[in-house]
Amino acid sequence: MIPNMEPFTRSVDLLSGAIAADAVVEDRRVADLHGYYLDDSGAEPDRIIYRLYAVPVPEANSELQCSTTVIEPGRIGREYHMTKGHFHAHRDRSEVYLGLAGDGLLILATEDGRHRVEPIRKGSLSYVPGGWAHRSVNIGDEPLAFFAVYVGDAGHDYATVAEHGFPVRVIQGDDGVPLVMEHPGHRR
Ligand code: S6P
Ligand code: ZN
């Protein structure tokens, strides 16, 4: 084949997760996540929950999307800061997460009601197979940063998670320790 893309190199700050130069930067704030948390009434709408840095790559199944996510420490009510979470729009597309900094949990769930909880920390490599929705939670006191690489045309289905939620939520227990609890509102 005759390639139609040129090779390139970008710089990832392994401590902060920031990707330099032409990365597309997107912030997700409390207001953007309304409805995902049990109760966000006490949280300032402008507070940044997480930041995404995406290297611009064509959305084709021959390519690999590369991005980092940085989730600030904190809670909304008793729930730790977390991403929206999504299935890939093309359900069978897989993804790899490499933990860079901080202390987090990766919550995974299938449409038939199974779920898994995996750690995210410096050096953790998590494989997200097709068909598993995924959400990241910062349970530490420092920013949680991880690198993700996934099939170029995976896309994001946020609507299914927005409607049904995940089977578990991560909250701060009475003793101050993170607790993974069943989510009573979750429907299959
Ligand atoms: C993309 C990959 C991550 C997330 C990011 C934010 O497939 O899983 O880059 O997009 O961690 O999460 P979310 O659920 O708001 O897209
Ligand atoms: Zn994904």
Side-chain angles (χ1 to χ4, degrees), residues 10 12-13 16-19 23-37 40 43 47-61 63-74 76 79-111 115-122 124-140 143-170 183 186:
R10 292 293 178 271
V12 180
D13 183 329
S16 72
I19 301 180
V24 178
V25 181
E26 199 179 316
D27 288 333
R28 302 248 163 100
R29 298 167 188 268
V30 168
D32 300 319
L33 279 100
H34 183 62
Y36 286 88
Y37 290 86
D40 65 3
R47 193 207 302 177
I48 293 177
I49 306 292
Y50 56 104
R51 175 166 285 178
L52 299 168
Y53 298 86
V55 176
V57 169
E59 293 185 5
N61 70 358
E63 307 300 342
L64 296 170
Q65 303 291 339
C66 304
S67 69
T68 53
T69 302
V70 183
I71 309 178
E72 294 300 321
I76 295 184
E79 277 181 287
Y80 291 92
H81 281 182
M82 63 182 182
T83 59
K84 289 181 175 181
H86 57 271
F87 286 95
H88 289 153
H90 286 108
R91 283 290 191 275
D92 64 351
R93 304 306 199 248
S94 55
E95 177 157 12
V96 166
Y97 277 13
L98 177 65
L100 302 178
D103 187 12
L105 295 176
L106 173 61
I107 313 293
L108 302 116
T110 59
E111 286 177 290
H115 78 272
R116 289 281 300 269
V117 181
E118 301 287 335
I120 308 178
R121 61 174 83 96
K122 183 178 177 180
S124 64
L125 189 151
S126 305
Y127 191 82
V128 180
W132 287 82
H134 38 291
R135 162 180 285 165
S136 318
V137 187
N138 185 350
I139 57 169
L144 174 70
F146 58 90
F147 173 76
V149 59
Y150 55 102
V151 183
D153 68 345
H156 297 84
D157 167 13
Y158 292 107
T160 304
V161 165
E163 185 181 355
H164 297 291
F166 275 71
V168 292
R169 289 179 178 275
V170 187
H183 174 210
H186 178 256

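Position 1 is the first residue of the sequence, and the numbers go up from there. First listed ligand is number 1; within each ligand, the first listed atom is number 1.
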Next item on the list: Start with the C-alpha distance between Ser136 and Thr69, add both sets of side-chain angles, then the distance that settles side-chain contact (heavy atoms from CB on, under 4.5 Å), and finish with yes or no.
Entry: CA-CA 9 Å; Ser136 318; Thr69 302; 5.9 Å; no
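- Residues His134 and His86 bring a donor and an acceptor atom of their side chains to less than 3.5 Å of each other.
- Residue contact check: Phe146 has heavy atoms under 4.0 Å from atoms 11 (O) of ligand 1.
- Numbered from 1 in the order shown, with element, the atoms of ligand 1 that lie under 4.0 Å from a heavy atom of His134 read 8 (O).
- In the vicinity of Arg28, heavy-atom distances shorter than 4.0 Å reach the ligand 1 atoms 13 (P), 15 (O), 16 (O).
- In Arg29, the CZ atom is crowded: over 12 heavy atoms of neighbouring residues, nucleotides or ligands sit closer than 6.0 Å.
- Residue contact annotation: Ala154 has no non-hydrogen atom under 4.0 Å from ligand 1.
- Shortest non-hydrogen contact noted between Tyr150 and Ser67 is CE2-OG, 4.1 Å.
- With hydrogens left out, the protein atom closest to atom 11 (O) of ligand 1 is Thr69 OG1, 2.8 Å, a heavy atom.
- Atom CD of Glu59 has 12 or fewer heavy atoms from other residues, nucleotides or ligands within 6.0 Å.
- Residue Val128 does not touch ligand 1, judged by heavy-atom distances below 4.0 Å.
- In this structure, the separation between CZ on Phe166 and OH on Tyr36 is 9.5 Å, given to the nearest 0.5 Å.
- Under a 4.0 angstrom heavy-atom cut-off, Ser136 registers as lying outside contact with ligand 1.
- The CG atom of Leu98 sits 10.5 Å away from the CD1 atom of Ile120 when rounded to the nearest 0.5 Å.
- No more than 12 heavy-atom neighbours from other residues, nucleotides or ligands sit within 6.0 angstrom of NE2 on His34.
- Taking a cutoff of 4.0 Å between a charged side-chain nitrogen and a carboxylate oxygen, Glu111 and Arg91 qualify as a salt bridge.
- Using a cut-off of 4.0 Å between Lys/Arg side-chain N and Asp/Glu carboxylate O, Asp27 and Arg51 are scored as salt-bridged.
- In terms of polar-atom proximity, defined here as any N/O pair under 3.5 Å, Gly85 does make such a contact with ligand 1.
- Distance check: Thr83 OG1 to Phe146 CZ gives 6.0 Å after rounding to the nearest 0.5 Å.
- The residue from Tyr53, Tyr150, Tyr97 that puts a heavy atom closest to atom 8 (O) of ligand 1 is Tyr97.
- Nearest protein heavy-atom neighbour of atom 12 (O) of ligand 1: Thr83 CB, 3.5 Å.
- Taking a cut-off of under 4.0 Å to the non-hydrogen atoms of His156, the atoms of ligand 1 that pass are 1 (C), 7 (O), 10 (O).
- In terms of protein heavy atoms, atom 6 (C) of ligand 1 is closest to Leu52 CD2, 3.5 Å.
- Nearest protein heavy-atom neighbour of atom 4 (C) of ligand 1: His86 CE1, 3.7 Å.
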Check: Given Glu118 and Tyr97, is the side-chain contact (heavy atoms from CB on, under 4.5 Å) satisfied, shown in steps?
Finding: CA-CA 11 Å; Glu118 301 287 335; Tyr97 277 13; over 6 Å; no
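- When hydrogens are left out, the protein atom nearest atom 16 (O) of ligand 1 is Tyr158 OH, 2.5 Å; that is the closest non-hydrogen contact.
- Heavy-atom proximity to Tyr50, at under 4.0 Å, picks out these atoms of ligand 1: 6 (C), 13 (P), 15 (O).
- Put simply, His88 gets within reach of the Zn ion (ligand 2), with an N, O or S atom under 2.8 Å from it.
- In this structure, atom 7 (O) of ligand 1 lies nearest to the protein heavy atom Glu95 OE1, 3.0 Å.
- Salt-bridge annotation for Arg28 and Glu26: present, with a side-chain N of the basic residue lying under 4.0 Å from a carboxylate O of the acidic one.
- Contacts between His88 and ligand 1, counted as non-hydrogen atom pairs separated by less than 4.0 Å, involve the side chain only.
- Residue Glu95 approaches the Zn ion (ligand 2) most closely through its N/O/S atom OE1.
- Of the heavy atoms in Arg135, none comes closer than 4.0 Å to ligand 1.
- Centred on the Zn ion (ligand 2), the NE2 atom of His134 and the NE2 atom of His86 lie at an angle of 90°, reported to 10°.
- In terms of protein heavy atoms, atom 9 (O) of ligand 1 is closest to Ser67 OG, 3.2 Å.
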